[in-house]
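Notes follow once the structure below has been shown.
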Amino acid sequence: MPEDTRTLKIAIPKGSLEGPTIELLSKAGFEIYVSSRGLRPASNDPELDVYLIRAQEVGRYIGQGFIDCGITGYDWAYENGVELVDLAELPYSRATARPTKWVLVVPEDSPIEKPEDLQGKRIATEGVGITQRYLDERGIKADVEFSWGATEVKVPDLVDAIVDVTETGSSIKANRLRIVDTLLTSFPHFYASPAAAKDDWKREKMEQIALLLKAALGARGKVGLKMNLPQSQLDELLKLLPSLRRPTIAQLAEEGWVAVETIIDETVVRDIIPALKRLGAEGIIEYPLNKIVP
Ligand SMILES: Nc1ncnc2c1ncn2[C@@H]1O[C@H](COP(=O)(O)OP(=O)(O)OP(=O)(O)O)[C@@H](O)[C@H]1O
Ligand SMILES: O=P(O)(O)OC[C@H]1O[C@H](OP(=O)(O)OP(=O)(O)O)[C@H](O)[C@@H]1O
Ligand SMILES: [Mg+2]
């Protein structure tokens, strides 16, 4: 009889990070199939038991050991204040590769210029813990109230300032707001519960996932480039190719020609391909990459 398959309970953040997280897992080799209302998605890995949980709550359930591991923002892990094992920082966001920032924000024409001006004022935020700790560290006494979202609309009529998340900055601009200070920057992390990290099978499985997630992020924005080139032009080519990654050079069966293969940033391809043509390169192939394992 086959042995029972062991499973790892893994949480994926429902909300802002859901789409980019599922895309990243797919690049890492784990397909997650989310149905319209289902919160227990299937996957192509029978060893995974997947839960869709709000980003704010992922840390709590991992910390309590009900879930073995999961992805959520550093911000919410910090807000929850629970003990988690940090397996990897994953530098992606909702719309960009920039970190999310928690910022203290006021209307453009507000008299509040520095954090100390908040003394005795009212602040609304989804991150009450993040805000309270920030004020405590500076000895500022202000009234911090929990906001369920759409926080930008509350200044200046309902509160004096807000602490909110910003990524691209477009919400701040659209609402004519001004940043006074940054409290925290945050990327998603892959976290484990201390109990799961002590289980050999789970630990190994989670480390495998962490490696593949990092490899998928490492390949982001990079492509492979391959071509044939007259050997006499090799020195010129090496000057042209970004020096970060050394190209592989192989002798072709045809005398006087070499094959060159390298990995470069996708953004430089459009400048480099015409230059390669001018050097006499032939059979130039550009191909996408799923993973780069350092
Ligand atoms: N532009 C963004 N807006 C909000 N959160 C973002 C953004 N980019 C990344 N995040 C990250 O997504 C995670 C979840 O964000 P948040 O707590 O705002 O919940 P949400 O999924 O956006 O749901 P809601 O619609 O209720 O706000 C956080 O860790 C946050 O840092
Ligand atoms: O800097 P930006 O790229 O504009 O992103 C910031 C916006 O995204 C978040 O809102 P969300 O969509 O999560 O809705 P919410 O306000 O209800 O939390 C956040 O609260 C800001 O409103
Ligand atoms: Mg949000």
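Order of appearance sets the numbers: ligands from 1, and atoms from 1 within every ligand. All of these numbers come straight from a predicted model, not from anything done at the bench.
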Quick one: sort the Trp148 and Phe146 rings into parallel, tilted or perpendicular, breaks at 30° and 60°.
perpendicular

Can you confirm whether more than 12 heavy atoms, excluding those of Tyr33, are under 6.0 Å from its OH atom?
yes

Tell me whether Arg220 at atom CZ has more than 12 heavy atoms from other residues, nucleotides or ligands lying less than 6.0 Å away.
yes

Do the charged groups of Arg60 and Glu79 touch, with an N to O distance under 4.0 Å?
no

Are any of the side-chain nitrogens in Asp181 or Lys114 under 4.0 Å away from the carboxylate oxygens of its partner?
no

Give the protein residues with at least one non-hydrogen atom closer than 4.0 Å to an atom of ligand 2, ordered by chain and number.
Ser16, Arg94, Glu126, Gly149, Ala150, Glu152, Asp164, Val165, Thr166, Glu167, Thr168, Gly169, Ser170, Ser171

If only atom types and distance count, is the side chain of Ser147 paired as donor or acceptor with the main-chain N or O of Gly149 below 3.5 Å?
yes

Gap between atom OH of Tyr92 and atom CD of Glu23 - 0.5 Å precision
10.0 Å

Kindly compute the distance separating CG (Leu240) from CG (Asp235), expressed to the nearest 0.5 Å.
12.5 Å

Nearest heavy-atom neighbours spanning Val85 and Ala197:
CG2-CB, 4.0 Å

Exactly which residues line ligand 1, taking a heavy atom under 4.0 Å from it as the test?
Lys14, Gly15, Ser16, Leu17, Arg54, Ala55, Gln56, Gly73, Asp75, Trp76, Ser93, Arg94, Thr100, Val165, Glu167

